Visitor: 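Submitted below is the structure of interest, expressed as structure tokens.
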Amino acid sequence: MSKLVIVGTVAFDAIETPFGKTDKILGGAATYIGLSASYFNVDATLVSVVGGDFPKKHLDLLSSKNLDISGIEIVNNGKTFFWSGRYHNDMNSRDTLVTELNTLADFTPVVPIDYKDADVVMLGNLHPLVQASVLDQMTKKPKLVVLDTMNFWMDCALDDLLQVIKRIDVITINDEEARQLTGEYALPVAAKKIHEMGPEYVVIKKGEHGALLFNNDNIFYAPALPLNEVFDPTGAGDTFAGGFTGYLAKTQDFSFENMKNAIIHGSNLASFCVEKFGTERLENLSKSDIEKRLLRFKELTHFEIELT
């Protein structure tokens, strides 16, 4: 079975949208990535940190999905990372209300020894130096390294970010971040500049408008599935990343053609994530749920054309 290392936050979120609000609930990039990847039956470990206030039931949930949690450090006298945000009516923009780093402030990731030879590494959104330290721990070069980042690190740790970007195979960022990183407005031009920084593949996420995959002169576009209800976009990008890397880890095919399939699988799982608050919808998906929605993606994008 393929091994997958997932690095990121396991956290508490408190979310407010036009549809309601929550108290502290389970969140964090590694949580969403792990739950999403678990649907591909890969041997995945989560590398993160939590405080003594983190409920055992949340760890039990992750374990029940066959995710290895030995890489989650528990700081008994510390508090778990906490983020609170309020989404605007368009659900595409939000205001951060509270960010408490807590145990994350001094987080030094430790990859479990059984996973230091993993085929695939998913570096969730963290400080670039933390991401680089994970790659330094691998005993062999992974077949695929995927990195997610955000504009915050471009603002305050750009040199460190550029150094880790040199070492990866795939970067996932949104359109605004791609433009900031490169200074280019046209996304194909921005993707070309990012290629020159190191990654072979560039995935540019466009939220409710889907995702673009670039590989040199090859471009693929996958739409997002139109949904009747979107309750909470939190974690959708991480869920996408989990489906994307989970599928690739399972298939062990890192070609451009298979990356297309991975994009669809990631988009498919992300479409479930937004239907409920937090991780609720991701926790109990059936194989039938996933396959039915994959067919909807196929119907949405497949057509025959006749040239006249």
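Everything numeric in this text was worked out from a predicted model, so none of it was measured. Residue indices begin at 1 and follow the sequence shown.
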Visitor: Without placing hydrogens or testing angles, list every side-chain donor-acceptor pair under 3.5 Å for residues 99-115, not counting sequence neighbours.
Guide:
residue	atom	partner	partner atom	Å
Asn102	ND2	Thr80	O	2.8
Thr103	OG1	Lys79	O	3.2
Tyr115	OH	Asp43	OD1	2.6

Visitor: Does the side chain of Pro226 come within less than 4.5 Å of Leu300's, by heavy atoms?
Guide: yes
Visitor: If you apply the rule salt bridge (Lys or Arg N to Asp or Glu O under 4.0 Å), what do you find for Arg293 with Glu275, and how did you get there?
Guide: CA-CA 13 Å; Arg293 193 160 288 188; Glu275 292 182 328; 3.0 Å; yes
Visitor: With Phe272, which residues qualify under ring-ring contact (aromatic ring centres under 6.0 Å, His included), at least two apart?
Guide: none
Visitor: Enter the distance from Phe297:CZ to Leu225:CG here, rounded to the nearest 0.5 Å.
Guide: 4.5 Å
Visitor: So Val170 and Leu147, side chain to side chain contact (heavy atoms under 4.5 Å, CB included) or not? Walk me through it.
Guide: CA-CA 6 Å; Val170 184; Leu147 177 141; over 6 Å; no
Visitor: Is there side-chain contact between Phe12 and Phe54, with heavy atoms separated by less than 4.5 Å?
Guide: yes
Visitor: I need the minimum non-hydrogen distance between Gly246 and Val42, along with the two atoms involved.
Guide: O-CG1, 3.8 Å
Visitor: Does any donor atom in the side chain of Asn258 or Ser255 lie under 3.5 Å from an acceptor atom in the other side chain?
Guide: no
Visitor: Identify whether the distance between the nearest side-chain nitrogen and carboxylate oxygen of Glu184 and Lys193 falls below 4.0 Å.
Guide: yes
Visitor: Mind running side-chain hydrogen bond (donor to acceptor under 3.5 Å, both in side chains) on Trp153 and Asp160 for me, showing each step along the way?
Guide: CA-CA 9 Å; Trp153 305 120; Asp160 295 327; over 6 Å; no
Visitor: Mind checking whether Asp169 and Val146 have side chains closer than 4.5 Å, heavy atoms only?
Guide: no
Visitor: Is there a side chain to side chain contact (heavy atoms under 4.5 Å, CB included) between Asn215 and Glu200? Walk through the geometry before answering.
Guide: CA-CA 6 Å; Asn215 170 237; Glu200 184 178 358; 3.5 Å; yes
Visitor: Using the side chain to side chain contact (heavy atoms under 4.5 Å, CB included) rule, take Val98 and Thr96 through it: C-alpha gap first, then chi angles, then the decisive distance, then the call.
Guide: CA-CA 6 Å; Val98 179; Thr96 292; over 6 Å; no
Visitor: CG/Asp60 to NZ/Lys65 distance, rounded to the nearest 0.5 angstrom?
Guide: 12.5 Å
Visitor: With a sphere of 6.0 Å drawn around NZ of Lys192, does it hold more than 12 non-hydrogen atoms of other residues, nucleotides or ligands?
Guide: no
Visitor: Look up atom OH in Tyr201 and atom CD1 in Ile263, then write down how far apart they are to the nearest 0.5 Å.
Guide: 11.0 Å
Visitor: Counting neighbours of CG on Asp95 that are heavy atoms of other residues, nucleotides or ligands and sit closer than 6.0 Å, is the number greater than 12?
Guide: yes
Visitor: Determine yes or no for a side-chain-to-main-chain donor-acceptor pair under 3.5 angstrom, with Thr139 supplying the side chain and Lys116 the backbone.
Guide: yes
Visitor: Any side-chain heavy-atom pair from Leu4 and Asp119 closer than 4.5 angstrom?
Guide: no
Visitor: Donor-acceptor pair, Ser2 side chain versus Ala249 backbone, under 3.5 Å?
Guide: yes
Visitor: Main chain of Leu61, side chain of Ser64: is a donor-acceptor contact present, judged purely on distance under 3.5 Å?
Guide: yes
Visitor: For Tyr247, enumerate each residue passing the ring-ring contact (aromatic ring centres under 6.0 Å, His included) test, keeping only those at least two apart in sequence or located in another chain.
Guide: His265
Visitor: Look at the side-chain heavy atoms of Ile, Leu, Val, Met, Phe, Trp and Tyr, link any pair under 4.5 Å apart, and say whether Tyr221 and Ile173 land in one connected group.
Guide: yes
Visitor: Give the minimum heavy-atom separation between Ala178 and Leu187, together with the two atoms involved.
Guide: CB-CD2, 4.4 Å
Visitor: I want to check a possible cation-pi pair here: Lys143 against Phe254, using under 6.0 Å from ring centre and within 45° of the ring axis as the test.
Guide: no
Visitor: Between Ser36 (side chain only) and Tyr32 (backbone N and O only), is there a donor and an acceptor less than 3.5 Å apart?
Guide: no
Visitor: Kindly determine whether Asp232 and Thr234 satisfy side-chain hydrogen bond (donor to acceptor under 3.5 Å, both in side chains), including the steps that lead there.
Guide: CA-CA 6 Å; Asp232 175 19; Thr234 310; 2.6 Å; yes
Visitor: Is the shortest heavy-atom distance from the side chain of Ser70 to the side chain of Asp68 under 4.5 Å?
Guide: yes
Visitor: Within the distance-only criterion (no hydrogens, no angle test), does the side chain of Thr17 pair as donor or acceptor with the backbone N or O of Phe19 below 3.5 angstrom?
Guide: yes
Visitor: Check Thr245 against Met122 and note the closest heavy-atom contact, atom names and distance.
Guide: CG2-SD, 3.5 Å
Visitor: Quick check: do Leu294 and Ile264 have side-chain heavy atoms less than 4.5 Å from each other?
Guide: yes
Visitor: For Lys140, I'd like to know if atom NZ has over 12 heavy atoms of other residues, nucleotides or ligands within 6.0 Å.
Guide: yes
Visitor: After noting the C-alpha distance and the side-chain angles of Asp117 and Lys3, does the key distance pass the salt bridge (Lys or Arg N to Asp or Glu O under 4.0 Å) rule?
Guide: CA-CA 8 Å; Asp117 60 350; Lys3 292 181 182 179; 3.2 Å; yes
Visitor: For Lys206, is there an ion pair with Glu177 - N to carboxylate O distance below 4.0 angstrom?
Guide: no
Visitor: Name the residue from Leu129, Thr149, Asp155 that meets the side chain to side chain contact (heavy atoms under 4.5 Å, CB included) definition with Leu161.
Guide: Thr149
Visitor: Should Lys205 and Asp148 count as an ion pair when the cut-off is N to O under 4.0 Å?
Guide: yes
Visitor: Please tell me if the side chains of Asp13 and Leu26 come closer than 4.5 Å, counting only heavy atoms from C-beta onward.
Guide: no
Visitor: When rounded to the nearest 0.5 angstrom, what is the spacing between CD1 in Ile204 and CG in Leu213?
Guide: 10.0 Å
Visitor: Looking at every heavy atom in both Ala191 and Phe214, which two are closest together, and how far apart are they?
Guide: CB-CG, 3.4 Å
Visitor: Are the side chains of Thr45 and Ile6 in contact, using a 4.5 Å heavy-atom criterion?
Guide: no
Visitor: Is the ring pair Trp83/Tyr87 parallel, tilted or perpendicular, if the boundaries are 30 and 60 degrees?
Guide: perpendicular
Visitor: Mind listing the closest non-hydrogen atom pair of Ser63 and Ile69 along with its distance?
Guide: OG-CD1, 3.3 Å
Visitor: Quick check: does any side chain N or O of Ser267 sit under 3.5 Å from a backbone N or O of Ala224, one acting as donor and the other as acceptor?
Guide: no
Visitor: Is the number of heavy atoms from other residues, nucleotides or ligands under 6.0 Å of Asp136 CG greater than 12?
Guide: yes
Visitor: Looking at every heavy atom in both Gln252 and Val120, which two are closest together, and how far apart are they?
Guide: NE2-CG2, 4.4 Å
Visitor: Given His209 and Asp175, is the side-chain hydrogen bond (donor to acceptor under 3.5 Å, both in side chains) satisfied, shown in steps?
Guide: CA-CA 11 Å; His209 303 296; Asp175 46 0; over 6 Å; no
Visitor: Are there over 12 heavy-atom neighbours, none belonging to Lys276, within less than 6.0 Å of that residue's NZ?
Guide: no
Visitor: Please say yes or no: joined through hydrophobic side-chain contacts below 4.5 Å, possibly via intermediate residues, are Val202 and Val189 part of one cluster?
Guide: no
Visitor: Tell me whether Ser84 contacts the main-chain N or O of Leu97 through its side chain, where contact means a donor paired with an acceptor under 3.5 Å.
Guide: no
Visitor: Checking side chain to side chain contact (heavy atoms under 4.5 Å, CB included) for the pair Leu269/Leu285: CA distance, chi angles, key distance, verdict?
Guide: CA-CA 9 Å; Leu269 285 161; Leu285 292 175; 3.9 Å; yes
